[in-house]
Amino acid sequence: MNSGNSFRQSAPLRATLCICWLAGFFLPAGLLWAANIQRVQVDDAYIELHTGAGRGFPIYHVVERHHWIDIIKRKSDWIKVLSDDGYTGWVFIDQMQLTLIAPGERAKIDAPDVQQFQQRKYDISIMAGDFAGAAALSVVLGTNFTENLSGEFGYTTASGNYTNSLLWYANMLTTPFPDWWISPFFSVGFGHMKNSPRQSFVFADETSDLFANAGLGVRLYLTRRVYLRWDVRDYVVFINDNNSGKFREWKLGFSFFF
Amino acid sequence: METRFFIFLLNAPRLLRGLGLVLLFMASGPTWAADADKAAFSDDQVIQPTVEVHRVTITAIDSQDLEIGIYRSRYITEDFGSNSTIGARLAYHVSEDFFVEASIGETELSKTTAEKLFDFDTLSDADRKLSYYDIVIGWNMFPGETYFGSNWAFPMQLYLTAGMGNTEFAGEKRASIIAGLGYRLLLTDWMAMHIDFRDRMYDVTVLTEDKSSHNIEARLTWSFFF
């Protein structure tokens, strides 16, 4: 009874769930339509077909040298293939690198690596940390203009003992040494902060103010599309003409690049 | 009379010719071998034993690393009973071992035991709406297969999740820590069913007392890969 009331009253949630339900009918058909089948020949002694996209799934068939396979789809580092004798299975990407498209032409499957990390175009970061003593959670969307200059747009929510804060900001970042394994960066930007005092403790009104921020951080490439990011940032909040507030924030999290 | 010596003299030219040929052959052997060696490493060799291999990148492979799903769950809020929840999740599979998931959900809190016994309300109807969102990292720790009867086998994964989020009710937001355990059954390559349990931990203040609250959620999720 309670869940029915909450469902009827939440229009955005109803819309989201309806879209998901409808997408469930159309997505599989869309996948078939978009599939791009490519044919390669096995050049290693044999390749192993697993029942699922992971090394923990059992091997149930092998395709020997000189036999042809069709590439169907991909999940992370696993490629689904169809053999000529009708078996489908998942092959690890390292084994797929030992296949031929044509005599003398070895197939190379695009695999994210540190070189792609240095040439990335977009990234998304999810970080947690501390904003002026409050637990903070941030989501940041970034884009690289050059290998040294990038921009980002971020959203932070901080829940403290006495106030809850929401921050929106836009920053410019400069990376002087993008080729380093641990690569430092510097950032400046501005944004908007909304403070909501917790009424259990503080009887005060909500406040909204603009702020400027400057910070520094480091990026550390881990594997595939993931890198670690840490940064510390100082905020100057423009409360009024005669008053400003200063806060410090640190965050640590994972970033994914595309 | 013909002696052996006389016979030898008569055959001498033939013998000498043969001996000369042998000597000539022996003298030219090293030269011929040297020429053969030179021919083996010559740039003008007709047959090239190695084939130059080109690498051609295959880029247009349909990738299914994103997963979107809807779920129905039972959310046990400490002090406020057990309530049905409805929500949605979005996950990105970084590798076969790790994924990142964001989820949102909403429910409505029921009355506490004290409210029922003494017929009073500590929260208004608007404050009883609980909504949450969280971002967790998952680790697929035990991949394998699940068997139904003797003819059906489906890939499955047992996974752990941990992360942070926000829980909002009674007009306040609370930073939450989430830890959980889940089971993913891959019905097809593009469709999966999940059963997972999560503990959402946050601090609450009851009158003047602070305490750490544990809230268990049991979810049944239907998700699709694309």
Side-chain angles (χ1 to χ4, degrees), chain A residues 2-3 5-7 10 13 16-17 20-21 23-24 27-28 30-31 34-36 38 40 51-58 71-80 101 103-110 126 128 134-135 137 139 157-159 164 196 198-201 223-226 254 256, chain B residues 51-65 68-70 83-88 92-98 100 102 104 106-110 129 135 137 140 142-145 153 155 157 163-166 171-175 186 188-191 203 205 222 224-226:
Chain A
N2 289 338
S3 62
N5 286 337
S6 76
F7 181 76
S10 174
L13 187 59
T16 303
L17 294 173
C20 293
W21 184 74
L27 273 173
L31 287 171
N36 185 5
Q38 301 189 54
V40 295
T51 58
R55 60 186 180 279
F57 299 105
I71 297 174
I72 301 172
K73 66 172 87 170
R74 173 179 184 168
K75 267 189 189 178
S76 62
D77 286 333
W78 291 81
I79 314 292
K80 186 173 186 182
I101 291 179
E105 289 186 342
R106 194 171 295 288
K108 183 178 182 300
I109 310 272
D110 186 33
I126 300 167
L137 184 63
V139 177
T157 171
S159 299
N164 294 319
S196 304
R198 292 180 64 181
Q199 300 299 324
S200 304
F201 299 98
T223 181
R224 290 195 83 240
R225 295 192 182 280
V226 186
F254 294 100
F256 309 95
Chain B
V51 176
E52 194 172 335
V53 176
H54 301 276
R55 294 195 74 91
V56 179
T57 301
I58 300 176
T59 55
I61 301 179
D62 177 31
S63 180
Q64 290 186 338
D65 292 332
I68 188 168
I70 55 173
N83 306 282
S84 285
T85 309
I86 197 161
Y92 173 68
H93 290 261
V94 178
S95 68
E96 63 180 276
D97 297 315
F98 294 99
V100 179
I104 59 169
E106 194 174 277
T107 185
E108 195 165 318
L109 303 175
S110 50
K129 257 187 241 170
I135 296 174
I137 293 175
N140 297 318
F142 294 141
E145 288 191 328
Q157 287 160 326
M164 277 188 66
N166 251 312
E172 292 182 1
K173 280 186 182 175
R174 295 160 179 82
L186 293 155
T188 65
D189 292 335
W190 48 268
M191 185 167 63
D203 293 334
T205 303
W222 210 259
F224 303 93
F225 289 86
F226 65 99

Quiz item: What is the minimum heavy-atom distance between B:Thr107 and B:Ser84, and which atoms define it?
Solution: OG1-O, 2.8 Å
Quiz item: How far apart are the closest heavy atoms of B:Glu106 and B:Thr85, and which atoms are they?
Solution: O-CG2, 3.2 Å
Quiz item: Using the ring of each side chain (for Trp, its six-membered ring), is B:His93 parallel, tilted or perpendicular to B:Phe225, with breaks at 30° and 60°?
Solution: tilted
Quiz item: Side chain, backbone, both or neither: which part of B:Phe142 has a heavy atom under 4.5 Å from chain A?
Solution: neither
Quiz item: Do you know which of B:Gln157, B:Met164, B:Lys173 has the most heavy-atom pairs with chain A at a distance under 4.5 angstrom?
Solution: B:Lys173
Quiz prompt | Nearest heavy atoms of A:Arg55 and A:Trp78, plus distance in Å | solution = N-CZ2, 3.2 Å
Quiz item: If you count heavy-atom pairs under 4.5 Å with chain A, which of B:Val100, B:Asp203, B:Asn140 comes out on top?
Solution: B:Val100
Quiz item: What part of A:Asn164 gets closer than 4.5 Å to chain B, counting heavy atoms only: side chain, backbone, both or neither?
Solution: side chain
Quiz item: Between A:Phe57 and B:Gly144, what is the shortest heavy-atom contact and its length?
Solution: CE2-O, 3.0 Å
Exercise. With a 4.5 Å cut-off on heavy-atom pairs, point out which of B:Asp97, B:Asp189, B:Asp65 contacts chain A the most.
Key: B:Asp189
Exercise. May I ask you to name which of A:Ala134, A:Gly54, A:Ala135 has the most heavy-atom pairs under 4.5 Å with chain B?
Key: A:Gly54
